[in-house]
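The structure under discussion appears below in the form of structure tokens.
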Protein chains: 2
Amino acid sequence: MNRQAQPNLSRGQIVAEAFELLEEAGLENLSMRRLAARLEVQAPAIYWHVTDKAELLGLMAREIYAAAYAGTGPAADWRDWLGQFGRVLNAQLAARRDGARLCALARPPSPADAPLHAGRIAAPLIALGLDEERALAHQAAVISFTLGWTTFETNGPMRDYLRQMMDFDATFTAGLDALVSGLRA
Amino acid sequence: MNRQAQPNLSRGQIVAEAFELLEEAGLENLSMRRLAARLEVQAPAIYWHVTDKAELLGLMAREIYAAAYAGTGPAADWRDWLGQFGRVLNAQLAARRDGARLCALARPPSPADAPLHAGRIAAPLIALGLDEERALAHQAAVISFTLGWTTFETNGPMRDYLRQMMDFDATFTAGLDALVSGLRA
DNA sequence: ACCTGAACACCGTTCAAGT
DNA sequence: ACCTGAACACCGTTCAAGT
């Protein structure tokens, strides 16, 4: 009965459960042991599917970015695409508890993936007419701005005070538009 | 002899030693126990001077921002000031190991400080003619962009690959200029 | 006022051993 | 191939007790 010829765990399950734990417990309580308990497994079992806690965080970050790419629709030109992408990424980061902090902390899944990752990053902008160097630079600028902004926006004490002073969404959009309109073709 | 009428420890000493430990060990090895050992004290002693590890990180982050404000000289106008500030902050964040990740992770020292903190944030720009709302918004935009950028710039694997593709300093400056020139008065 | 000693409730990770 | 049991070397934090 419990011979279990099929594995109980998969990377996908682990990452999905990690997001639920993140939501309930926050980044500082996202531990391998608590995650294992949720998966009804002993902690070392996770290490068969994932080398590291760092790798797990990297996979989670990658999923957030992937959702932002997927949520960015067809665009009239590269500025339009960047503006859309920034807003969707902001929404994806803010939708998860500690999403921005997670992405700031995480490192790319693996060094070997870096070139491939960079290729994907640049692809949509290249398709809209930018050369690779500008595509990478502009995409990095928009991701940077959005990640940094969302870090502040979701940062407890400061948020509560600043929201009295400004409309976060409007101010974010204004900054993003300022940035995108200033980038050169 | 060892009656020590004077305290051995101060917040300043603790924060200073924490920066040295950060340099040697990195953010994930910055522990209260290791810090205590460096200060030749037992770990609980630190808690007399600092309520929390979170507070300690907040104090460290504040010191980095303070250095950026201090390093920003007199400016011709508010755009000039923001450009300078962005470049100095980038340098300050990159000068410390894991500086950007530290600042992304840290929360402001105390909720009660938020209004005061916000006041200081806005002050230089208000002195250069911006109203408070725009001053806060623009300063937040520049800090966000710089913090996000430096997070990537100092993020191991990605850095090594991207540096073949672009000059980080030049690309950062281009993005910062794009942002600042797009902000409205 | 300022610090130590001892303890509580955890961590990430490794590794032999099971199935 | 995939997981458990047990262990190693740590954590942050509390709190009584010392001085």
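Please read these numbers as outputs of a predicted model, since none were measured by experiment. Residue numbering restarts at 1 for every chain, and letters A, B, ... go by the order of the sequence lines.
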Exercise. Any Lys/Arg nitrogen of A/R11 or A/E55 sitting under 4.0 Å from an Asp/Glu carboxylate oxygen of the other?
Worked result: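 Salt bridge present between A/R11 and A/E55.
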Exercise. What is the minimum heavy-atom distance between B/R107 and A/D98, and which atoms define it?
Worked result: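 Here B/R107 and A/D98 meet closest at NH2-OD1, 4.0 Å.
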Exercise. Closest heavy-atom contact between B/L136 and A/M165?
Worked result: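 Of all heavy-atom pairs spanning B/L136 and A/M165, the closest is CD1-CE, 3.7 Å.
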Donor-acceptor pairs under 3.5 angstrom involving side-chain atoms of residues 170-185 of chain A: please list them, not counting sequence neighbours.
{"from": "A/T171", "atom 1": "OG1", "to": "A/D167", "atom 2": "O", "distance (Å)": "2.8"}
{"from": "A/T173", "atom 1": "OG1", "to": "A/D169", "atom 2": "O", "distance (Å)": "2.9"}
{"from": "A/S181", "atom 1": "OG", "to": "A/D177", "atom 2": "O", "distance (Å)": "3.0"}
{"from": "A/S181", "atom 1": "OG", "to": "A/A178", "atom 2": "O", "distance (Å)": "3.2"}

Exercise. Tell me, which pairs form a side chain to side chain donor-acceptor pair (under 3.5 Å) where one or both residues lie in residues 145-157 of chain B, sequence neighbours left out?
Worked result: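 For residues 145-157 of chain B, and leaving out neighbouring residues, the side chain to side chain donor-acceptor pair (under 3.5 Å) pairs sorted by first residue read B/N90-B/T150, B/N90-B/E153, B/W149-B/E153.
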If I take atom [atom1] in residue [X] and atom [atom2] in nucleotide [N], what distance separates them, rounded to the nearest angstrom?
| X | N | atom1 | atom2 | answer |
| --- | --- | --- | --- | --- |
| B/I46 | C/dT4 | CD1 | C1' | 13 Å |
| B/Q42 | C/dT4 | CD | C1' | 6 Å |
| B/W48 | D/dG18 | CH2 | C1' | 15 Å |
| B/L9 | C/dT4 | CG | C1' | 13 Å |
| A/E40 | D/dC2 | CD | C1' | 17 Å |

Exercise. Taking the same atom, P, in C/dC10 and in D/dA9, what whole-Å distance lies between them?
Worked result: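 About 22 Å, rounded to a whole number of Å.
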Exercise. For residues 82-105 of chain B, which residue pairs qualify under ring pair (Phe, Tyr, Trp, His ring centres under 6.0 Å), counting only residues two or more places apart or in two chains?
Worked result: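 Those involving residues 82-105 of chain B are B/Y69-B/F85, B/W81-B/F85.
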Identify each atom pair where a protein N or O and an N or O of nucleotides 12-15 of chain D are less than 3.5 Å apart, giving names and distance.
{"from": "D/dG12", "atom 1": "OP1", "to": "B/M32", "atom 2": "N", "distance (Å)": "3.1"}
{"from": "D/dG12", "atom 1": "OP1", "to": "B/K53", "atom 2": "NZ", "distance (Å)": "3.2"}
{"from": "D/dG12", "atom 1": "OP2", "to": "B/M32", "atom 2": "N", "distance (Å)": "2.9"}
{"from": "D/dG12", "atom 1": "OP2", "to": "B/R33", "atom 2": "N", "distance (Å)": "3.4"}
{"from": "D/dG12", "atom 1": "N7", "to": "B/R33", "atom 2": "NH1", "distance (Å)": "2.6"}
{"from": "D/dG12", "atom 1": "O6", "to": "B/R33", "atom 2": "NH1", "distance (Å)": "2.8"}
{"from": "D/dT13", "atom 1": "OP1", "to": "B/D52", "atom 2": "OD1", "distance (Å)": "3.3"}
{"from": "D/dT13", "atom 1": "OP2", "to": "B/Y47", "atom 2": "OH", "distance (Å)": "2.7"}
{"from": "D/dT13", "atom 1": "OP2", "to": "B/K53", "atom 2": "N", "distance (Å)": "2.9"}
{"from": "D/dT13", "atom 1": "O5'", "to": "B/Y47", "atom 2": "OH", "distance (Å)": "3.4"}

Exercise. Any chance CD of A/E23 has more than 12 other-residue heavy atoms, nucleotides or ligands included, within less than 6.0 Å?
Worked result: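 For A/E23, atom CD is crowded (more than 12 foreign heavy atoms under 6.0 Å).
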Exercise. Can you give the dot-bracket line for DNA chain C, where a pair is Watson-Crick or G-U wobble with both atom distances under 3.5 Å, crossing pairs use [ ], and | marks a partner on another strand?
Worked result: ||.|||||...|||||.||
Problem set entry | Under-4.0 Å side-chain N/O to phosphate OP1/OP2 contact, B/H49 with C/dC3 |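 So the side chain of B/H49 is within the cut-off, an N or O lying under 4.0 Å from OP1 or OP2 of C/dC3.
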Exercise. Quick one: ring-ring contact (aromatic ring centres under 6.0 Å, His included) partners of B/Y47, sequence neighbours excluded?
Worked result: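 Here no residue qualifies.
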